[in-house]
Amino acid sequence: MNDTLIQESNHILLNEIQASGIRLEDVTDLTVRKGGAGPTDHKAITIFNTTVMIPVLSHAAESSPFTATRPTKMGLASLKKDGKILTTIRFIKEPKFYKEKSSDGTPFWKIARLHSKDVLATTVLQTCIRYKNKETSCQFCAIEESLKHETTIAYKRPQQLAEVAKCAVELDGISQFIMTTGTPASSDRGAKILFESVKAVAEAVNIPIQVQCEPPDTFDWFLKLKNAGASSIGMHLEAVTNRVRNKIMPGKASVSLDFYFKAFRAAVEIFGKGNVSTYILAGLGDTEDEILLMCDKLVAIGVYPFVVPFVPVRNTPLENHSAPSKDFMHKILDPLALSLVNAGMTSETLESGCAKCGACSTLSAFEKKHSA
């Protein structure tokens, strides 16, 4: 390893790699999921003992200065920058549960996916009322693309989720389960579907579970979800200003920021400080200062703002949108990490969820820098 890559600077290099992506040299069969919800077109890679989701099929990755050699049978490969070897990395292998099926014959990999190295994730309802209407759809979203590719099923029934969770824990040592959902045509905005799903999984296996949905019409759902077995909840803003929300996600923008904050405060009372989080996609059009201002407001009420770099997804209106630069991300993640450390609310203190996993952002690496 280059001797300049010391622990204190790892967060800088990790941020650059995640922003730039990695080109793969003669690498096949990496089980990269193309299209769909979540960190699609990415690959889980362990670098400096930190597992991060790195774009490998994005437009940015095609011209990245970082390349990875063909991995060994153990998943080890050399990471290069401009042709010069930096360090050894490890590709996360396909989990054992992918080879199994549910009692109704559905392959487990169509029901839930491995994220990072030990996180199980699923989109319970793979459709959304906003998706097919250009007047309401989120321009970055590809939730129904995986249905076109037949790599998932439209609705994962509670029994199916319970079976895959139990198997993934037993075969692969899965540490947590993250359940998100498309928004259905009901005022609970997916909370009811998640409640049924969590209840079934919690009865089958003891595992931390995060649920993710838009703020429901009544906040009674938070206690119901908690009692069912959810340990945390995510309600994702994605964009932080009305300027960007109205332009990029017009349907979701109809749920006001004021209502989100009412929901955040109510959820914190049930799940506790830090176990309520929100995804913020840096690079959609909000400035660094606007994002940090929103993050300050969220941290102040006990909500963890999980800021991740926006990665354009193929077959979406924003597929040719530029990804944020490493400098843009650094200007946000460094002060935000310090704020979270000072608040005693870091990824290590959380019970479950995307922020606990941390692989889709290098925020946790910045937290470690400020905690050292």
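For this chain, numbers begin at 1 and follow the sequence in order. All values below come from the heavy atoms of this structure, side chains included, with hydrogens, waters and symmetry mates left out. What you see is a predicted model; the values in this text were computed from it and never measured.
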Sub-4.5 Å side-chain heavy-atom contact between [X] and [Y]:
X: Leu363; Y: Val308; answer: no
X: Val244; Y: Val240; answer: no
X: Tyr155; Y: Val124; answer: yes
X: Val205; Y: Phe177; answer: no

Could you tell me whether the side chain of [X] and the main chain of [Y] form a donor-acceptor pair under 3.5 Å?
X: His370; Y: Asp334; answer: yes
X: Ser64; Y: Gly21; answer: yes
X: Ser231; Y: Ile209; answer: yes
X: Arg130; Y: Gly251; answer: yes
X: Asp286; Y: Ala239; answer: no
X: Lys356; Y: Glu348; answer: yes
X: Thr122; Y: Ile111; answer: yes
X: Asp172; Y: Ile174; answer: no
X: Gln126; Y: Ile143; answer: yes
X: Lys93; Y: Lys73; answer: yes

* To do: Apply side chain to side chain contact (heavy atoms under 4.5 Å, CB included) to the pair Ile92 and Ile45, showing each step before the final yes or no.
  => CA-CA 6 Å; Ile92 302 301; Ile45 301 173; over 6 Å; no
Would you give the length of the straight line joining atom [atom1] of [X] to atom [atom2] of [Y], rounded to the nearest 0.5 angstrom?
X: Glu351; Y: Ser232; atom1: CD; atom2: OG; value: 7.5 Å
X: Ser256; Y: Lys262; atom1: OG; atom2: NZ; value: 7.0 Å
X: Lys326; Y: Leu333; atom1: NZ; atom2: CG; value: 13.5 Å
X: Cys167; Y: Glu100; atom1: SG; atom2: CD; value: 5.0 Å
X: His330; Y: Asn15; atom1: NE2; atom2: CG; value: 7.5 Å
X: His115; Y: Cys357; atom1: NE2; atom2: SG; value: 8.5 Å

Do other residues, nucleotides or ligands put more than 12 heavy atoms under 6.0 Å from [X] [atom1]?
X: Asn49; atom1: CG; value: no
X: Asn206; atom1: CG; value: no
X: Glu319; atom1: CD; value: yes

* Residues Glu196, Lys192: salt bridge by 4.0 Å N-O rule ->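 Lys192 and Glu196: salt-bridged.
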* Asked: Do the charged groups of Glu145 and Lys148 touch, with an N to O distance under 4.0 Å?
  ->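 Yes.
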What pair of heavy atoms forms the shortest contact from [X] to [Y], and how long is it?
X: Ala343; Y: Val299; value: CB-CG1, 3.7 Å
X: Glu214; Y: Val255; value: OE1-CG2, 3.7 Å
X: Leu147; Y: Ala154; value: CD2-N, 3.6 Å
X: Leu340; Y: Pro305; value: CD2-CD, 4.0 Å
X: Val341; Y: Glu367; value: CG2-O, 3.7 Å
X: Ser78; Y: Thr69; value: N-OG1, 2.9 Å

* Start with the C-alpha gap between Leu194 and Trp221, add the side-chain angles, then the distance that decides, and say whether side chain to side chain contact (heavy atoms under 4.5 Å, CB included) holds. => CA-CA 10 Å; Leu194 291 170; Trp221 280 111; over 6 Å; no
* Asked: In terms of the angle between their ring planes, are Phe366 and His11 parallel, tilted or perpendicular, with boundaries placed at 30° and 60°?
  ->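 Answer is perpendicular, since the angle exceeds 60°.
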* Please work out which of the three classes, parallel, tilted or perpendicular, describes the rings of Phe310 and Phe140, given edges at 30° and 60°. =>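 Judged by the thresholds at 30° and 60°, the geometry between Phe140 and Phe310 is perpendicular.
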Taking [Y] as the starting point, is it possible to reach [X] by hopping between hydrophobic residues whose side chains are less than 4.5 Å apart?
X: Ile280; Y: Ile248; result: yes
X: Phe261; Y: Leu292; result: yes
X: Val276; Y: Ile178; result: no
X: Phe259; Y: Ile233; result: yes
X: Val169; Y: Val119; result: no

Do the side-chain N and O atoms of [X] and [Y] include a donor-acceptor pair separated by under 3.5 angstrom?
X: Glu163; Y: Ser103; value: yes
X: Lys247; Y: Gln139; value: no
X: Ser146; Y: Thr152; value: no
X: Thr46; Y: Thr51; value: yes
X: Ser325; Y: Asp327; value: no

* salt bridge (Lys or Arg N to Asp or Glu O under 4.0 Å) evaluation trace for Lys199 with Glu203 -> CA-CA 6 Å; Lys199 190 172 184 296; Glu203 290 174 353; 2.9 Å; yes
* Among Ile54, Leu76, Thr72, Leu24, find the one that has a side-chain contact (heavy atoms from CB on, under 4.5 Å) with Phe91. =>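 Testing each of Ile54, Leu76, Thr72, Leu24 against Phe91, the sole residue satisfying side-chain contact (heavy atoms from CB on, under 4.5 Å) is Leu24.
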* Intermediate values then yes/no, side chain to side chain contact (heavy atoms under 4.5 Å, CB included), Trp109 and Lys99 -> CA-CA 8 Å; Trp109 60 266; Lys99 295 181 172 62; over 6 Å; no
* Measure centre to centre between the rings of Phe306 and His236, then say whether the value is under 6.0 Å. =>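 No, they do not, as the ring centres are separated by 6.0 Å or more.
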* Is there a side chain to side chain contact (heavy atoms under 4.5 Å, CB included) between Val164 and Lys156 once you walk through the steps? -> CA-CA 10 Å; Val164 71; Lys156 290 80 173 179; over 6 Å; no
* Tell me, with the steps shown, if Gln210 and Ser277 meet side chain to side chain donor-acceptor pair (under 3.5 Å). => CA-CA 10 Å; Gln210 184 189 52; Ser277 61; 3.2 Å; yes
* Residues in salt bridge (charged side-chain N to carboxylate O under 4.0 Å, His left out) contact with Lys101, at least two apart in sequence or another chain ->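 With sequence neighbours excluded, Lys101 shows a salt bridge (charged side-chain N to carboxylate O under 4.0 Å, His left out) to no residue whatsoever.
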* State which residues pass salt bridge (charged side-chain N to carboxylate O under 4.0 Å, His left out) with Glu16; sequence neighbours excluded, sorted by chain then number. =>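 Result, salt bridge (charged side-chain N to carboxylate O under 4.0 Å, His left out) vs Glu16: Lys81.
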* **CA sep, side-chain torsions, deciding dist, call: Thr287, Asp289, side chain to side chain donor-acceptor pair (under 3.5 Å)** => CA-CA 5 Å; Thr287 67; Asp289 288 342; 5.4 Å; no
